[in-house]
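Shown next, in C-alpha cells, is the structure this report addresses.
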Amino acid sequence: MPRYDITRLRKENGMSQNELANHLQITQSFLSAIENGKSPLPIEKEEKLCEVFGLPNLTEYTLDRKPEAEDKKLTDMTDSDLFNQLLSRFHKQAHSEESEHHHHDHHEKIEELQSKLEMMFNRNDSLMVRNDNLAAENDSLRKEIDKYRQEIESLRKEIYELKMQVFKGN
C-alpha cells in the first residue's frame, strides 16, 4: 500500500491536522499516525483527500517505499522477528517517555519480556526436538506393525492351506 506525504500536502494548503481530520472524518490522532507512517491511509480516505484538495490523484505526494527489510510481510516473519519487533517498538516508546522513573520501569519490563521470550523459545525448541523424536519413533513402530501384519497374513494363508489339505485328505 503506498504512503503519501500528507503533512506536505496539508501544509502547502495551510491546513492544520485538526482541520484535515475533520474533512476526512477521522480523529486528529489517527491522522497523526497516518502522517507518521504508523497507520496506513484507508483507501476511501485517499479519494476524500483528493476531493478536499481538488487533486486528480496523490501521485505527486507518494513517498518512496520502505527498504525491503522493513517491508517484510507478517506472514514471512518468524515468531522471533515479530517478538523482537514488538520489543523494539516497546523500547522506542519507553525512550520517548518524559519521566525517568517511567522509563526505568519500561526497561525492567523489556528485560522481563526478553527473559520470558528466551525461555519460550528454548521450550519451543525442546518440544520440537521431542516432537521430531516421537515422529521418528512413530514411523519405526508403524513399520514394525506393518511387518507383523504381513507375518500374520502369511500365517493365515499357511493355516488356510493346511486346513484345505486336511479337508481334502479326509
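Since we're looking at a predicted model, the values are computed, not measured.
Taking a cutoff of 4.0 Å between a charged side-chain nitrogen and a carboxylate oxygen, E144 and K147 do not qualify as a salt bridge. In this structure, E12 pairs ionically with R8, as a charged nitrogen and a carboxylate oxygen lie closer than 4.0 Å.
To the nearest 0.5 angstrom, E46 atom CD is 9.0 Å from E44 atom CD. In this structure, CD1 on I152 lies 10.5 Å from OG on S154, to the nearest 0.5 angstrom. Residue N22 holds its CG atom at 8.0 Å from OG of S16, rounded to the nearest 0.5 Å. A distance of 11.5 Å separates OH of Y4 from CG of L9, quoted to the nearest 0.5 Å. Separation of atoms CZ (R3) and CG (N36) is listed at 8.5 Å; rounding is to 0.5 Å. Between atom CZ of residue R10 and atom CG of residue L49 there is a gap of 11.0 Å, rounded to the nearest 0.5 Å.
Using a 4.5 Å heavy-atom cutoff, the side chains of I26 and I34 are in contact. Put simply, the side chain of L24 does not reach to within 4.5 Å of the side chain of F30, judged on heavy atoms. Between D146 and R149 there is a side-chain heavy-atom pair separated by less than 4.5 Å.
Each of K11, Q17, E19 was checked for a side chain to side chain contact (heavy atoms under 4.5 Å, CB included) with M15, and the lone residue meeting it is E19.
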Go through L31 and I6 one step at a time and tell me if the side-chain contact (heavy atoms from CB on, under 4.5 Å) criterion holds. CA-CA 9 Å; L31 178 59; I6 297 170; 4.2 Å; yes
Step by step, would you call L20 with F53 a side-chain contact (heavy atoms from CB on, under 4.5 Å)? CA-CA 10 Å; L20 182 55; F53 293 107; 3.8 Å; yes
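Within a 6.0 Å sphere centred on CD of E137, heavy atoms belonging to other residues, nucleotides or ligands number 12 at most.
In this structure a side-chain-to-backbone donor-acceptor pair under 3.5 Å is missing from N131 to L127.
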